[in-house]
Amino acid sequence: MGDVFGFGISHYPPFAMTDPFMSGLLKYTLADPDIPAASKVPSAWPLPMQQEWAGDEGTAAAGRHRANIERGLRRARAALDAFAPDVVVIWGDDQYENFREDVIPPFCVLAYDDQDVQPWKHVPAPVAGRPNAWGEDLETTRTVRGDPATGKLLVSSLLDQDFDVAYAYRPLHHDALPHAFLNAVLYLDLDRGGFPYPIVPFQVNCYGSRVISHRGTLSRFADASKPPDPPSPSPRRCFDLGRAVARWAAASPLKVALCASSSWSHAFLVDKNWRLFPDIPGDRALYQAMLAGDLASWRDVPLASVEDSGQQELLNWFCLAGAMHELGATLAWSEFVETHVFNSNKVTAIYDPVRAGAVATHA
């Protein structure tokens, strides 16, 4: 039996940008002609949002936000190094990157070989064309280790457990890894000392009804007239899939790390807030349940609630929650980084490793 370690981080793309550009998502939203002018005036915003925006459109606050995110990423990397996994399975979303009109799987294991990737040649808006926080040029190349053999074993186990997941051995439309996975590797290597662990990316169709119609990214209110796509897998299904992955990991001879890669609610998906700031109360409610060890309650969250709160990418965390619940893992450390200006709240969560022979599955 194998040891299992679970953790969650953010892959927030503007974190890779320099501070003056970190509020770019909000600036894009403010240019939407269908948002009432009165709602765009800073004096109408919540006080914490006004304080972040201040007189420099968030530049000073961006430095503080970056420092808070870095603190969690460094703790996550230290815990990962202490665990020393044989493989890291990363749940992440695909935002019209690798999967497009020809196929949208609810779940897909990317059983890739090692990849040499050039991170700054394959970046989504608004990061594209902007200077990055490391000063790396377009030709910068990173080798990301893959583990197709373990990917196959994982898929075989899930099929045996009646989870009909898709799998792929090579990219379809995206030459590199989708940013949910690549950013996880880049952000867990802040000092560029290297990331030695092979990964198995596990795609979740988080964007569901918006994945094709809105290309899984920014849109204008006028785009709401576009016919929606079929929905994402439900939080319940993601939670149960996480449990199945945990059972595979616990039965494996490998030391397996399980990672959820995403921020929490995204302002550009929260229509009830005019897409100006995230659903902080909705995120706080789930976070408090996580702190209390009540992960089972996550399973009962309806997809409609997730979509109303702009928490689509949290479906990656629902997979992690199911895995940690299945293993009876204990939350060792976490931090909730709240923001109004920088699109999404960010959470880092680190669970104590569950050692071989100590797995206590939960109903």
Side-chain angles (χ1 to χ4, degrees), residues 1-9 76 79-80 82-92 106-111 147 149-165 167 181 184 197-204 206 233-262 286 289-290 292-301 314-334 347-363:
M1 299 178 66
D3 298 343
V4 187
F5 167 60
F7 69 107
I9 59 172
L80 186 67
F83 180 70
D86 297 310
V87 65
V88 183
V89 176
I90 304 175
W91 283 293
F107 304 105
C108 185
V109 172
L110 306 182
D147 190 346
T150 298
K152 292 178 186 179
L153 292 173
L154 171 56
V155 171
S156 297
S157 173
L158 291 173
L159 291 170
D160 286 343
Q161 297 182 68
D162 295 327
F163 281 89
D164 300 327
V165 298
Y167 61 92
F181 309 110
Y197 311 113
I199 68 170
V200 174
F202 200 138
Q203 172 265 349
V204 180
C206 295
S234 69
R236 180 181 300 260
R237 190 62 171 168
C238 292
F239 190 94
D240 289 347
L241 177 131
R243 297 182 69 178
V245 172
R247 290 191 290 269
W248 161 77
S252 167
L254 302 172
K255 295 180 69 175
V256 179
L258 302 176
C259 173
S261 171
S262 65
L286 286 173
M290 185 181 76
D294 185 19
L295 293 175
S297 67
W298 280 43
R299 188 175 184 269
D300 296 327
V301 176
L314 253 174
L315 292 175
N316 299 312
W317 282 73
F318 278 85
C319 296
L320 177 67
M324 297 300 95
H325 175 76
E326 179 70 17
L327 298 172
T330 300
L331 183 64
W333 182 87
S334 70
V347 172
T348 303
I350 300 169
Y351 282 82
D352 285 328
V354 177
R355 301 301 179 185
V359 175
T361 59
H362 286 57

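No experiment lies behind these values; they were computed from the predicted model shown.
With contacts defined as side-chain heavy-atom distances shorter than 4.5 Å, the pair Tyr351/Leu258 does not qualify. Side-chain atoms of Val155 and Trp248, non-hydrogen and from C-beta on, never get closer than 4.5 Å to each other. Side-chain contact between Pro235 and Leu315 is present, with heavy atoms from C-beta onward closer than 4.5 Å. Between Leu241 and Phe202 the shortest side-chain heavy-atom distance falls below 4.5 Å.
Minimum heavy-atom separation, Asn316 to Ser261: ND2-O, 3.5 Å. The shortest heavy-atom contact between Leu295 and His325 is CD1-N, 3.9 Å. In terms of heavy-atom proximity, Val204 sits nearest to Cys319 at CG2-SG, 4.1 Å. Of all non-hydrogen atoms in Pro233 and Pro106, the two that sit nearest each other are CG-O, 4.0 Å. Annotation for Leu331 and Met290: closest pair CD2-O, 4.1 Å, computed over non-hydrogen atoms.
The CZ atom of Phe318 lies 13.5 Å from the CH2 atom of Trp91; values are rounded to the nearest 0.5 Å. Put simply, CZ on Arg355 and CG on Leu327 are 12.5 Å apart, with the number rounded to the nearest 0.5 Å. Between the CZ atom in Phe7 and the OG atom in Ser334 there is a gap of 14.5 Å [rounded to 0.5 Å]. A distance of 12.0 Å separates CG in Leu320 from CD1 in Ile90, rounded to the nearest 0.5 Å. Taken from CG in Asp147 to CG in Leu254, the straight-line distance is 7.5 Å, to the nearest 0.5 Å. One distance of note links CD of Gln203 with OH of Tyr167; it measures 15.5 Å at 0.5 Å rounding.
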**Request:** Show your working on side chain to side chain contact (heavy atoms under 4.5 Å, CB included) between Ile199 and Val89 and close with a plain yes or no.
**Result:** CA-CA 6 Å; Ile199 68 170; Val89 176; over 6 Å; no

**Request:** Begin from the C-alpha positions of Val354 and Met324 and carry the test side chain to side chain contact (heavy atoms under 4.5 Å, CB included) through to its verdict.
**Result:** CA-CA 9 Å; Val354 177; Met324 297 300 95; over 6 Å; no

**Request:** Apply side chain to side chain contact (heavy atoms under 4.5 Å, CB included) to Val347 and Trp317, showing your working.
**Result:** CA-CA 10 Å; Val347 172; Trp317 282 73; 3.8 Å; yes

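Of the possible polar contacts, none joining the Lys152 side chain to the Ala111 backbone as a donor-acceptor pair under 3.5 Å is found. Under the 3.5 Å distance criterion, the side-chain polar atoms of Trp298 are left unmatched by any main-chain donor or acceptor of Gly322. Remark: side-chain polar atoms of Gln161 are paired, donor with acceptor, to backbone N or O of Ala244 under 3.5 angstrom.
Within 6.0 Å of the CZ atom in Phe107, the count of heavy atoms belonging to other residues, nucleotides or ligands exceeds 12.
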